[in-house]
Amino acid sequence: MNAGSLAPEAVADPISRFLAEQWGAEVAVTRVEKIFGGASRETFRVKLTVNGAPRGVIVRRDPPSSLIDTERQLEYGAYKAVYGTSVPVPEPLFLEDDPEWLGQPFSVMAEIENAVTAVAGLDAADRRDIGEQKWRILGELAAMDPIALGFDELVDVPPLDGCAARELNYWAGVVEQDELHPQPIARAAIRWLRRNMPPPAQKLSVVHGDYRTGNFLLTPGEGIKAILDWEMAHIGDPLEDLAWSLDPLWSQATPELAGELLPREEAIRIWERASGLRCDPGVFRWWRVFVSLKGLAIWISSSEEFHTGASKEAILALAGWIMTDRQNHILLDYLMPAAGAAS
Amino acid sequence: MIPRPPEALQMLSQRILSHLVPDLQSSYGQSEGGYVGMLLLSLVKELESGIERRLADIRDMKVIFEQASSALPPSMLPDGLDTVDSAEPASLSMSDVNALHDQLASLLIALHDAVDVVSPNEAQQKVNATIWRYLGEHARRHRVSP
């Protein structure tokens with residue numbers, strides 16, 4: 001089996017044999033479609049019949065250059081840990097490390113049917129409903145005990161007073177390692193963050209790591225069906241996820257609506273109510289600057305990955321250029337002395 | 001020969017976005033095609049004025065270094081700052097202009113480190129303010145998104 005990029009038709013036979021073996025059933029693939037599932041993995045929607053009954057699954061296959069074995073296990077483990085709680089996720093079915101089947105390791109999830117990720121087409125009432133659910137679910141995730149969920153078997157458990165420093169060190173390291181050009185705004189942000197470290201977290205929580213509009217599936221009129229993309233999940237300060245979800249980057253089209261859904265202050269109130277935690281504006285400022293640096297680090301890293309040929313996905317080049325530009329402007333708004341503080 | 005590369009690139013990107021992408025069968029292909037078309041559109045501006053904008057950055061950074069050299073004690077200045085005034089790109093190719101731009105940007109970061117401190121003196125404050133103004137101008141100059 002080819003370890004490079006796979007055409008949909010090359011997936012049908014091996015995945016039907018794999019699933020037949022796992023389920024001990026007759027499996028016939030009726031349709032395979034490659035879908036956009038982020039830059040990190042090839043994603044396929046597979047329609048099949050199991051003993052004659054129709055069913056859909058999502059197959060996520062590692063890219064050829066993958067050095068992200070731990071991320072695959074983390075992502076799958078996170079789905080398993082959260083599945084069945086009030087935080088909706090697709091049912092995780094299989095994690096397969098053997099490259100014999102698809103040329104690379106892969107995971108299989110149940111498909112969530114008739115759901116989309118885009119909010120652009122929603123009317124005002126649907127936007128409000130989805131927004132209320134989005135921040136309520138995030139608050140409920142923040143309120144959960146990560147140890148009781150089993151996350152300590154997937155990731156390190158930082159001390160309450162070590163969450164911020166650990167994340168800052170990690171993402172500052174990514175900037176340093178992956179920058180193709182000197183990044184004076186990122187360096188200024190790192191300097192500011194080191195100088196203004198926040199107090200210890202109120203509690204340790206599961207931090208999704210990329211909780212934003214676009215990373216959940218919804219059905220208009222029905223609500224949020226599943227939270228996706230857990231590969232950056234970790235245990236940390238729950239304010240990190242709240243800040244990431246409110247980053248202006250996700251509100252380009254409608255700056256007055258966080259994540260293009262709700263006014264920012266309302267989103268914070270919903271989160272506070274659901275989590276039982278407080279969003280102190282002074283502390284939150286640090287996290288807002290931090291998540292913008294984290295975003296910048298991700299876009300810088302995307303650019304490096306495209307430039308070196310580790311991945312040729314066009315989204316990486318686009319993110320590495322346009323998103324870097326946007327994130328630099330956001331950081332300038334926060335840090336430029338004359339502009340005052342991030343509010 | 002293509003005498004006007006930016007216009008040619010613009011037409012090619014429009015061709016991709018308006019003709020080829022809608023004809024693609026899979027949603028994945030449409031996404032990728034759309035991203036490629038958008039990237040080509042962004043490259044139009046870069047091809048047209050990318051070198052000019054980098055040269056403007058280089059001019060601005062040299063002014064900052066000159067101001068810093070006269071206002072700050074030598075111990076506060078990063079190594080190599082004294083030689084940049086006369087530095088010019090080896091040619092006007094993008095790679096040579098980039099090389100000098102990167103060299104000066106690294107010096108700018110080191111200088112910013114020295115002046116963006118908790119209790120700055122007056123000279124540090126002034127240089128710091130100048131650097132922040134430059135970063136704002138640099139971001140505006142290179143803006144790709146509306």
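These numbers were taken from a predicted model, which means no experiment stands behind them. Each chain gets a letter, A, B and so on, in the order its sequence line appears, and its residues count up from 1.
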Separation between [atom1] of [X] and [atom2] of [Y], rounded to the nearest 0.5 Å:
X: B:L39; Y: A:I322; atom1: CG; atom2: CD1; result: 6.5 Å
X: B:H138; Y: A:L332; atom1: NE2; atom2: CG; result: 9.0 Å
X: B:S26; Y: A:E33; atom1: OG; atom2: CD; result: 6.5 Å
X: A:D325; Y: B:R143; atom1: CG; atom2: CZ; result: 6.5 Å
X: B:S42; Y: A:L318; atom1: OG; atom2: CG; result: 6.5 Å

- prompt: Under a 4.5 Å heavy-atom cut-off, does chain B meet the side chain of A:L331, its backbone, both or neither?
  reply: neither

message: Which atoms of A:W321 are under 4.5 Å from chain B, going by heavy atoms: the side chain, the backbone, both sets, or neither?
response: both

message: As an exercise: rank A:K34, A:R191, A:H181 by heavy-atom pairs under 4.5 Å with chain B and give me the winner.
response: A:R191

statement: With B:D116 as partner, the option from A:R187, A:R194, A:R195 fulfilling salt bridge (Lys or Arg N to Asp or Glu O under 4.0 Å) is A:R195

At under 4.5 Å between heavy atoms, what parts of [range] are in contact with chain A? List them by residue number.
range: residues 91-115 of chain B; answer: B:N98, B:D102, B:A105, B:S106, B:L108, B:I109, B:H112, B:D113
range: residues 10-22 of chain B; answer: none
range: residues 117-124 of chain B; answer: B:V117, B:V118

query: How far apart are the C-alpha atoms of B:Y28 and A:I35, what are their side-chain angles, what is the distance that settles it, and do they pass the side-chain contact (heavy atoms from CB on, under 4.5 Å) test?
result: CA-CA 5 Å; B:Y28 175 81; A:I35 57 175; 5.6 Å; no

query: What salt bridge (charged side-chain N to carboxylate O under 4.0 Å, His left out) pairs are there with at least one residue in residues 28-50 of chain B, not counting sequence neighbours?
result: B:E46-B:R53, B:E46-B:R54

- prompt: Does atom CD of A:E113 have more than 12 heavy-atom neighbours from other groups under 6.0 Å away?
  reply: yes

